[in-house]
Amino acid sequence: MAKKNLGKFLALTAISTAIAAGVSYFLKYRSFHAELDEDFHDFEGDDDTFDGALPHEGEAATRNYVPLGEKKEESSLKEAAESVKDAAAEAVKTVSEKAEDAAVLAAEEASEHIAETAEQVKKAAADTATTIVDDISGE
């Protein structure tokens with residue numbers, strides 16, 4: 001009985017851990033992007049004092065620029081949702097396997113207990129038969 005409750009406890013723990021990890025990841029991701037947007041807003045209005053001249057205007061440009069891709073917020077959110085979904089599926093699979101293992105173990109223990117009880121009943125029946133035979137032969 002205790003092993004059955006332990007299996008349920010482990011299953012509940014695995015599921016709650018997966019859910020907590022998913023929620024934590026989502027909230028952390030969302031707060032990071034909110035802070036990032038806020039950081040860019042801090043520099044708005046800094047170009048008010050610009051006089052039109054660049055410090056190195058006469059020098060030739062020697063830098064190579066890397067083109068930036070499109071924002072990937074939507075795909076990142078989808079990836080986060082997929083990872084949470086995969087983690088939940090893995091947790092369910094693990095819980096299912098543990099429940100099956102617990103059921104097999106409980107069945108084995110029950111069969112052992114039944115075998116022991118049957119052995120005790122046989123001994124008691126044999127002792128009773130011997131006592132009856134002794135009583136009948138003694139008369």
Side-chain angles (χ1 to χ4, degrees):
M1 191 65 130
K3 290 184 181 185
K4 182 178 181 182
N5 290 336
L6 180 64
K8 288 181 182 179
F9 176 73
L10 289 176
L12 181 63
T13 303
I15 291 172
S16 14
T17 302
I19 290 172
V23 168
S24 173
Y25 180 80
F26 178 75
L27 292 176
K28 190 174 187 179
Y29 181 81
R30 201 169 78 186
S31 69
F32 171 76
H33 282 287
E35 289 176 9
L36 189 62
D37 287 340
E38 189 177 22
D39 287 343
F40 283 115
H41 291 297
D42 290 343
F43 296 107
E44 288 181 359
D46 285 350
D47 58 347
D48 294 341
T49 59
F50 182 65
D51 62 356
L54 296 174
H56 302 288
E57 221 172 67
E59 297 176 14
T62 58
R63 287 189 274 182
N64 295 328
Y65 292 96
V66 177
L68 299 177
E70 295 178 299
K71 285 186 177 180
K72 296 185 179 181
E73 285 184 23
E74 292 179 14
S75 63
S76 297
L77 286 175
K78 288 179 182 177
E79 289 174 8
E82 285 296 321
S83 66
V84 169
K85 182 180 174 183
D86 293 342
E90 186 65 30
V92 168
K93 181 180 175 184
T94 303
V95 167
S96 174
E97 290 172 357
K98 294 296 181 185
E100 288 176 11
D101 292 346
V104 168
L105 186 59
E108 289 174 355
E109 287 180 6
S111 65
E112 289 174 7
H113 183 65
I114 290 172
E116 289 174 5
T117 305
E119 190 65 34
Q120 290 174 355
V121 168
K122 286 180 184 178
K123 282 184 181 179
D127 290 344
T128 304
T130 304
T131 305
I132 293 173
V133 169
D134 287 344
D135 286 345
I136 292 173
S137 61
E139 290 182 341

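Numbers for residues simply follow the sequence, beginning at 1.
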Point to revise | Counterpart residues, side-chain contact (heavy atoms from CB on, under 4.5 Å), relative to T13 (two or more places apart) | key: F9, T17
Review point. Do L27 and Y25 belong together in a cluster built from hydrophobic side chains that touch within less than 4.5 Å?
Key: no
**Study point:** From CG (D101) to CD (E97), nearest 0.5 Å
**Key:** 7.5 Å
Check: residues 81-92 side-chain donor-acceptor pairs under 3.5 Å, at least two apart:
residue: S83; atom: OG; partner: E79; partner atom: O; Å: 3.4
residue: S83; atom: OG; partner: A80; partner atom: O; Å: 2.8

Point to revise | Side chains of K8 and L12 in contact at under 4.5 Å (non-hydrogen atoms) | key: no
Point to revise | Partners meeting side-chain contact (heavy atoms from CB on, under 4.5 Å) with I19 (sequence neighbours left out) | key: I15, V23
Point to revise | L6 CG to K98 NZ distance, which is reported to the nearest 0.5 Å | key: 9.5 Å
Point to revise | Side chain proximity check, E108 to L105, heavy atoms < 4.5 angstrom | key: yes
Review point. Could you walk me through whether E100 and V104 pass the side-chain contact (heavy atoms from CB on, under 4.5 Å) check?
Key: CA-CA 6 Å; E100 288 176 11; V104 168; 5.6 Å; no
